[in-house]
Amino acid sequence: MAATPATTFLKSKKIAFDLLEYAHDPRAEAYGLEAAEKLGLDPESVFKTLVVSDGAKAHALALVPVARKLGLPLAAKALGWKRAEMGDKADAQRLTGYVLGGISPFGGKRPLPVVADTALLLPERIHVSGGRRGLEIRLAPADLVAALGAVVDPIAVD
């Protein structure tokens, strides 16, 4: 299996992780839910990585369970912004170096602040994109928080 910037980042930090692969269906629209289903994972342990903006120049990554939505006002508050909006798809790919559906919180082109929903701390192991569609990384939540200096706050809504 070829390395991705995400796996290279984790190895450089000596963080223990497992890789899980599945055959991505190009017709899938909900990448994270597809990963949970194909890998037989609890959707509460699978987190999508979203790029958010303050509407001006600031960007950040927001991690929420795949079956939930990001509460933009909650993310703004956690990041110390006045407002937050979803990042433009082109900006998301340019800033991270990853394609949509394969954006990992690790190893992006530009280091961005990270805010994660409090649900991240509940499972013993969590799953995030490995840097391409069809690749998930399993690791301890505390390792993700420490490696990325992530702020953990309630940012997910149903």
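Atom set for the values below is all heavy atoms of this structure, side chains included, hydrogens, waters and symmetry mates excluded.
Counting all heavy atoms, side chain and backbone alike, A3 lies closest to T8 at CB-OG1, 4.0 Å. For A62 against V52, the heavy-atom pair with the smallest separation is CB-CG1, 4.4 Å. The two atoms that bring K109 and L95 nearest to each other are CB-O, 3.4 Å, heavy atoms only. The minimum heavy-atom distance linking S45 with L41 is given by the pair OG-CB, 4.3 Å. G107 and P5 get closest at one heavy-atom pair: O-CB, 3.3 Å. Contact between S53 and G55 at its shortest, heavy atoms only, is OG-N, 2.9 Å.
Remark: T96 OG1 to R110 CZ distance equals 10.5 Å, nearest 0.5 Å. The structure places CZ of F106 at 5.0 Å from CG of L10, a figure rounded to the nearest 0.5 Å. Annotation: the span from D42 atom CG to H127 atom NE2 amounts to 9.5 Å, rounded to 0.5 Å.
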Enumerate donor-acceptor pairs with a distance under 3.5 Å from any side-chain N or O in residues 63-81 to protein atoms, sequence neighbours excluded.
| residue | atom | partner | partner atom | Å |
| --- | --- | --- | --- | --- |
| R68 | NE | D158 | OD1 | 2.9 |
| R68 | NH2 | A156 | O | 3.3 |

For residues 133-154, please give each side-chain donor-acceptor pair under 3.5 Å, one per line with the distance, not counting sequence neighbours.
| residue | atom | partner | partner atom | Å |
| --- | --- | --- | --- | --- |
| R133 | NE | L100 | O | 2.6 |
| R133 | NH2 | L100 | O | 2.6 |

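L50 and Y98 are members of different hydrophobic clusters when ILVMFWY side chains are connected at heavy-atom separations under 4.5 Å. Clustering ILVMFWY residues whenever any of their side-chain heavy atoms sit less than 4.5 angstrom apart, transitively, puts L33 in the very cluster that holds V46. No chain of hydrophobic side-chain contacts below 4.5 Å, direct or via other Ile, Leu, Val, Met, Phe, Trp or Tyr residues, connects Y31 to I126. Under the 4.5 Å side-chain heavy-atom criterion for Ile, Leu, Val, Met, Phe, Trp and Tyr, L122 and V128 are members of distinct hydrophobic clusters.
At distances below 3.5 Å, at least one donor-acceptor pair connects side-chain atoms of S104 with backbone N or O atoms of S129. Under a 3.5 Å cut-off, the side chain of H59 and the backbone N or O of K57 do form a donor-acceptor pair.
The environment of CD in Q93 is crowded: more than 12 heavy-atom neighbours from other residues, nucleotides or ligands sit within 6.0 Å.
With respect to the salt-bridge test (charged N to carboxylate O, under 4.0 angstrom), the residues E34 and R27 do not qualify.
When side chains are defined from C-beta on, L61 counts as touching V51, because their heavy atoms get closer than 4.5 Å. Counting heavy atoms from C-beta outward, D117 and L120 have side chains that stay 4.5 Å or more apart.
With sequence neighbours left out, R94 forms a salt bridge (charged side-chain N to carboxylate O under 4.0 Å, His left out) with D91.
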